[in-house]
Amino acid sequence: MASKSTINLDSTINSGQVFLWKKEGGFWYGIDGDRVLCIDSTNLKVKSSGVKVDYFRESDDIGKILKSLKKDEVVKTAISQNEGLRLLRQDPFQCYISFIVSSNSNIQNIKSTLNKLCKKFGERIEFDKKEFFLFPTSASLAEASNVELLECGLGYRADFVKKAAKEVDNGIMDLKLLKKMSYDDAKKELLRIFGIGNKVADCIMLFSLEKLEAFPLDTWMLKILRKYYEDVLPIEGKSITEKRYNTLHEKIISHFGPYAGYSQQFLFKMERDAFHKKWL
DNA sequence: TACTAACCTGTACG
DNA sequence: ACGTACAGGTTAG
């Protein structure tokens with residue numbers, strides 16, 4: 001079992017998995033679906049405005065997971081540089097929309113757009129004598145006008161967001177159900193959605209749908225694989241096609257093991273930090 | 001099937 | 001001030 005004291009909040013929040021967090025006077029405040037989370041950075045006490053969930057995945061056997069991950073030397077180094085980095089268990093709908101918004105964008109833009117979406121379409125609540133806007137419901141985004149969505153800075157993704165929200169709102173896309181499905185089946189479902197490709201599907205599955213074998217391959221991860229895994233996991237060609245993505249993913253699972261998603265998170269964090277890339 | 005251009009926004013740089 | 005480069009994944013051709 002993970003002890004909360006082993007979690008490094010700063011590393012965890014600044015690792016590209018969440019966007020709606022801000023630090024104010026020793027406290028981290030974050031939006032997760034229909035609630036606000038507040039975490040004391042020093043003793044990691046969690047206060048929440050809504051239902052409690054295991055947001056920090058404390059029920060994971062992190063000792064066992066880390067032991068498995070450390071079989072790989074590069075990951076072992078990445079772990080030593082980021083002790084306490086953890087995967088989070090996010091609200092599925094927020095995660096689904098967030099990573100659709102993330103496509104072909106960067107962390108600063110994603111954060112800005114998601115904040116605007118919350119402000120325009122989310123419920124306003126007071127928590128800790130501060131004002132917050134919860135993540136919009138699928139219904140509110142499904143009904144949103146194009147103009148309003150564009151005002152949030154979505155650009156051509158406005159169409160993606162609206163259609164994706166509609167699919168959830170009318171029940172055709174059942175995110176809860178995807179949690180119970182296999183990796184392959186859940187992925188097939190997500191890929192139906194306009195605006196969701198391989199990378200975004202893997203992010204949604206890893207961060208909110210209990211698929212620890214998901215290994216999102218973005219430009220950074222491709223860079224990492226070429227740099228450290230040239231011999232074990234060679235990538236043919238310059239770009240990554242659908243077919244290559246799938247065959248590579250299978251090889252990744254057999255190399256990194258069933259918790260490959262955790263490996264990905266450590267590697268991603270390490271490499272972006274090495275290039276001094278900005279987080280939240 | 002495989003490759004490539006187009007897509008929108010915000011920021012940084014000259 | 002004004003253009004140009006760049007960060008990013010998915011879709012459509």
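Just so it is clear, the structure is predicted and the values come from calculations on it, not from any experiment. Computed from heavy atoms alone, side chains included, the values below leave out hydrogens, waters and symmetry copies.
Cation-pi check for A:K223 over A:F275 is met; the charged atom lies under 6.0 angstrom from the ring centroid and within 45 degrees of its normal.
At a threshold of 4.0 angstrom between heavy atoms, the contacts of A:S105 include nucleobase atoms, whether or not backbone atoms are also involved. Within the nucleic acid shown, A:I110 has no heavy atom closer than 4.0 Å to any nucleic acid atom.
For C:dG8, one of the phosphate oxygens OP1 or OP2 lies less than 4.0 angstrom from a side-chain nitrogen or oxygen of A:R272. The side chain of A:W220 contributes no N or O atom lying less than 4.0 Å from OP1 or OP2 of C:dA7. Considering only side-chain N and O atoms, A:T219 lies under 4.0 angstrom from the phosphate OP1 or OP2 of C:dG9. Here A:K116 reaches the OP1 or OP2 of B:dG10: one of its side-chain N or O atoms lies under 4.0 Å away.
The CG-C1' distance, from A:N115 to B:dT9, rounds to 16 Å in whole Å. Whole-Å rounding puts the A:I107 CD1 to C:dG8 P distance at 8 Å. Between the CG atom of A:L191 and the P atom of C:dG9 there is a distance of 15 Å, given to the nearest Å. For the pair A:K243 NZ and C:dT10 P, the interatomic distance rounds to 20 Å; values are reported in whole Å. Between A:L117 atom CG and B:dT9 atom C1' the separation is 14 Å, expressed in whole Å. Rounding to whole angstrom units, CG of residue A:L217 and C1' of C:dG8 are separated by 15 Å. One can place NZ of A:K163 at 11 Å from C1' of C:dT11, the figure rounded to the nearest angstrom. Remark: P of C:dT11 and CD1 of A:I193 are 10 Å apart, rounded to the nearest angstrom.
Residue A:Y245 places no side-chain atom within donor-acceptor reach of the base of C:dG9, judged by atom type and a 3.5 Å distance cut-off alone. With hydrogens and angles left out, the side chain of A:N109 and the base of B:dT9 share a donor-acceptor pair within 3.5 Å.
Nearest nucleotide to the side chain of A:S103, out of B:dC3, C:dG9, B:dA12: C:dG9. In this structure, of C:dT11, B:dC8, B:dA12, it is C:dT11 that holds the atom nearest to the side chain of A:F194. If you check C:dG9, B:dC3, C:dG8 against the side chain of A:K277, the one that comes closest is C:dG8. The side chain of A:L150 lies closest to B:dT9, out of C:dG8, B:dT9, C:dG9. Of all nucleotides listed (C:dT10, B:dC3, C:dG8), B:dC3 comes nearest to the side chain of A:T241.
Across the interface with DNA chain B, nearest-nucleotide mapping of A:N104 and A:C152 shows A:N104 to be the residue nearer the 5′ end. If A:R157 and A:F160 are placed on DNA chain C by their nearest nucleotide, the residue sitting closer to the 5' end is A:R157.
Ring geometry for A:H255 versus A:Y229: interplanar angle over 60°, hence perpendicular rather than tilted (30 to 60°). Between A:Y29 and A:F132, the angle of the ring planes lies from 30° to 60°, which puts this pair in the tilted group.
A:D72 places none of its side-chain heavy atoms less than 4.5 Å from the side chain of A:Y228.
The one candidate from A:I193, A:L175, A:T137 that meets the side chain to side chain contact (heavy atoms under 4.5 Å, CB included) condition with A:V168 is A:L175.
A distance of 6.0 Å or more separates the ring centres of A:Y262 and A:F215.
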